[in-house]
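The structure under discussion appears below in the form of structure tokens.
No experiment lies behind these values; they were computed from the predicted model shown. Here is the naming used below: chain letters follow the sequence lines, and residue numbers restart at 1 for every chain.
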Amino acid sequence: MPKPLRIYNTLSRTIEDFKPLHEDKVGMYVCGPTVYNYLHLGNCRTFSSFDIIFRFLTYCGYKVRYVRNITDAGHLEGDRDEGDDKFAKRAKLEQLEPMEIVQKYTQYFHDVMREFNCLPPSIEPTATGHIIEQIELTKQILANGWAYEVEGNIYFDVAKYSQDNNYGVLSNRNLADLLDGTRELGGQDEKHGRLDFALWIKAKPEHLMQWQSPWGMGFPGWHIECSAMSQKYLGQQFDIHGGGMDLIATHHTNEIAQNCACSGTGPARYWMHTNMLTVNGVRMSKSAGNGFLPDELFKGTHPLLEKGYSPMSVRFFMLQSHYRSTLDFSNEALQAAEKGYARLMSAMKLIDTLKTDGDASAYIQELRNKCEFAMCEDFNTPIAIAHLFEGVTFINNVNDGREKISVADKTALKKLFYDFVFDIFGLKEELGSNNETLSDVVKIILEQRADAKARKDFASSDALRDKLLAAGIVIKDSKEGTTFTVVG
RNA sequence: GGUCCUGUGGCCGAGUGGUUAGGCUCAGCUCUGCAAAAGCUGCUACAGCGGUUCGACCCCGCUCGGGACCUCCA
């Protein structure tokens, strides 16, 4: 591990030293998507953030078990355990089976994660695959006296739980305030308390996704799945639990209550939450209808977008802000990121071609220290990137003969950039620059142009350059020869 | 109404009690047949008003503005 790692913990609302439960191992659980619809870019930001956290923990030498679930059952429209099942509703709309909906949107989710170059988690459990575990957990909570049954529904008793526990530990709210903000129970409401939530829900006969339980046919509540699956794969207590900030108030609060009701301890020691993506200052969300689909972003088909942006440009864009800050989407900001990213990549390509000369210096090691330090301070990617850009300037200076670099430093420099840009930030080269055939063809054309230039036939050489540009290939001349890049 | 976050230069976006964040943009210069690329230089900000301090963008208070959560959403 390079430096002591420090992490902002939502529980304490401060940055704390990170000490894993087990020496060199880290258990991390991140709430994944509910696959009843296309995921939008806001979701991508959260998963990309945790992807980088996962990658950096690995870089630090930890053996990380990263569990990210897929919610494929039990999520009702209203979190107060009312309304239709999200999957059933969507299935009706698309005239498909609920599991076809699940399959379709899980596939889409995975495709997008791959586009963003997010590593797959170590385990990706589904709610439907853990019905038994959820029933067992519910039974236990019931046995411990923290829940009650009404007509085949099992509800968590928040009032009783609150007698001995702080229900609002995570959201930092007291019970009275919480009750204040909740509407009155209706006359027919089966719940004893306004904050009570369902662990198990009785299914209507026509409901397709239902399972046998001690309380009849039904399906699990939304929150119980995470308690069940995190416990199964990471144990009663593990290191990091993450998700979007919007999950703090309800989902994660209930999850902690369930775990405490079961085992007397909350699931995680460090709770990490990513902030929201905004569009024109307003939160991007499914209900607001202002969410870009990843496809729309890549192709530029959304009305708010002037053009398409590649997945890596977007990933870089996200890296330029801290995960706990809101990030605002705009064409201008996206284009700035696109250019900055291109500059970073072209500097990296230069490293191999740098001429070595001179003595070793401490510069490269200092640069690595600075990057590591930034990441160790609650995964501060924007600062790490700022330092990397100092390295970019250095590379360009060496390339232009204003600075010197020793053989050993050149190797260290390359390692530094590859470690951070590729391994930690998860960026990669894109846009066909690794397409051998295209590369060969362009080289042939560039030779023609060089001939024309040698003959001082600039009309021809410029024509070739313009035509290449029109085809999306930008060339740049230098003393060493001509190179090219493919743009979108 | 309650709880909480936030207000940085043309744009995005970090950060700290006293030294340049960084990216993009714009202007000038170097290089170049021209261009592009690259480099250098310039544009030097921290909502407003008080207070604490030798000194605050960073600490405290107030005012104004933006946003989030308390129905679902990462």
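Here A:F317 and A:Y309 keep their ring centres 6.0 angstrom or further from each other.
OP1 or OP2 of B:rG39 sits under 4.0 Å from a side-chain N or O of A:N396. For B:rA38, the OP1/OP2 oxygens have no side-chain nitrogen or oxygen of A:R402 closer than 4.0 Å.
A:G42 comes within 4.0 angstrom of a nucleotide base, judged by non-hydrogen atoms across all strands. Across all strands, A:R173 comes closer than 4.0 Å to base atoms (heavy-atom distances). A:L277 comes within 4.0 angstrom of a nucleotide base, judged by non-hydrogen atoms across all strands. Residue contacts shown for A:M276 include a base, since a base heavy atom lies under 4.0 Å away.
Residue side chain A:R465 reaches the base of B:rC34 through a donor-acceptor N/O pair under 3.5 Å, judged by distance alone. At a cut-off of 3.5 angstrom, the base of B:rG13 holds no donor-acceptor pair with the side chain of A:D328.
Judged as a side chain to side chain donor-acceptor pair (under 3.5 Å), and not counting sequence neighbours, A:K410 has no contacts. Listed by chain and residue number, nothing satisfies the side chain to side chain donor-acceptor pair (under 3.5 Å) test with A:T353 (two or more places apart in sequence, or in another chain). By the side chain to side chain donor-acceptor pair (under 3.5 Å) test, A:H130 pairs with A:Y233, sequence neighbours left out. Not counting sequence neighbours, the partners of A:K307 by the salt bridge (Lys or Arg N to Asp or Glu O under 4.0 Å) test are A:E338.
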Are A:Y66 and A:D51 close enough, and set up right, to give a side-chain hydrogen bond (donor to acceptor under 3.5 Å, both in side chains), and what steps lead you there? CA-CA 9 Å; A:Y66 171 25; A:D51 181 55; over 6 Å; no

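In RNA chain B, runs of at least 3 consecutive Watson-Crick or G-U pairs, each pair with both distances below 3.5 Å, span B:1-7 with B:64-70, B:10-12 with B:22-24, B:26-30 with B:38-42, B:47-51 with B:59-63.
Taking for each of A:D246 and A:K453 the nucleotide of RNA chain B with the nearest heavy atom, the 5'-most of the two is the partner of A:K453.
In the set B:rC70, B:rC72, B:rG33, B:rC72 carries the atom at the smallest distance from any side-chain atom of A:W222.
Using a distance-only test at 3.5 Å, with no hydrogens or angles considered, no donor-acceptor pair links the side chain of A:D196 to the main chain of A:Y155.
In summary, of the residues considered (A:F54, A:F109, A:Y323), a ring pair (Phe, Tyr, Trp, His ring centres under 6.0 Å) with A:F47 occurs for A:F109 alone.
The nearest whole Å value for the distance from the CZ atom in A:R455 to the P atom in B:rG33 is 17 Å.
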For nucleotides 14-30 of chain B, just jot down a letter per nucleotide in 5' to 3' order: B, S or -, based on protein non-hydrogen atoms under 4.0 Å. SS-----BSBSS-----

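Distance noted for atom P between B:rU30 and B:rU20: 28 Å (whole Å).
Heavy-atom neighbours of A:K92 NZ from other residues, nucleotides or ligands within 6.0 Å: at or below the threshold of 12.
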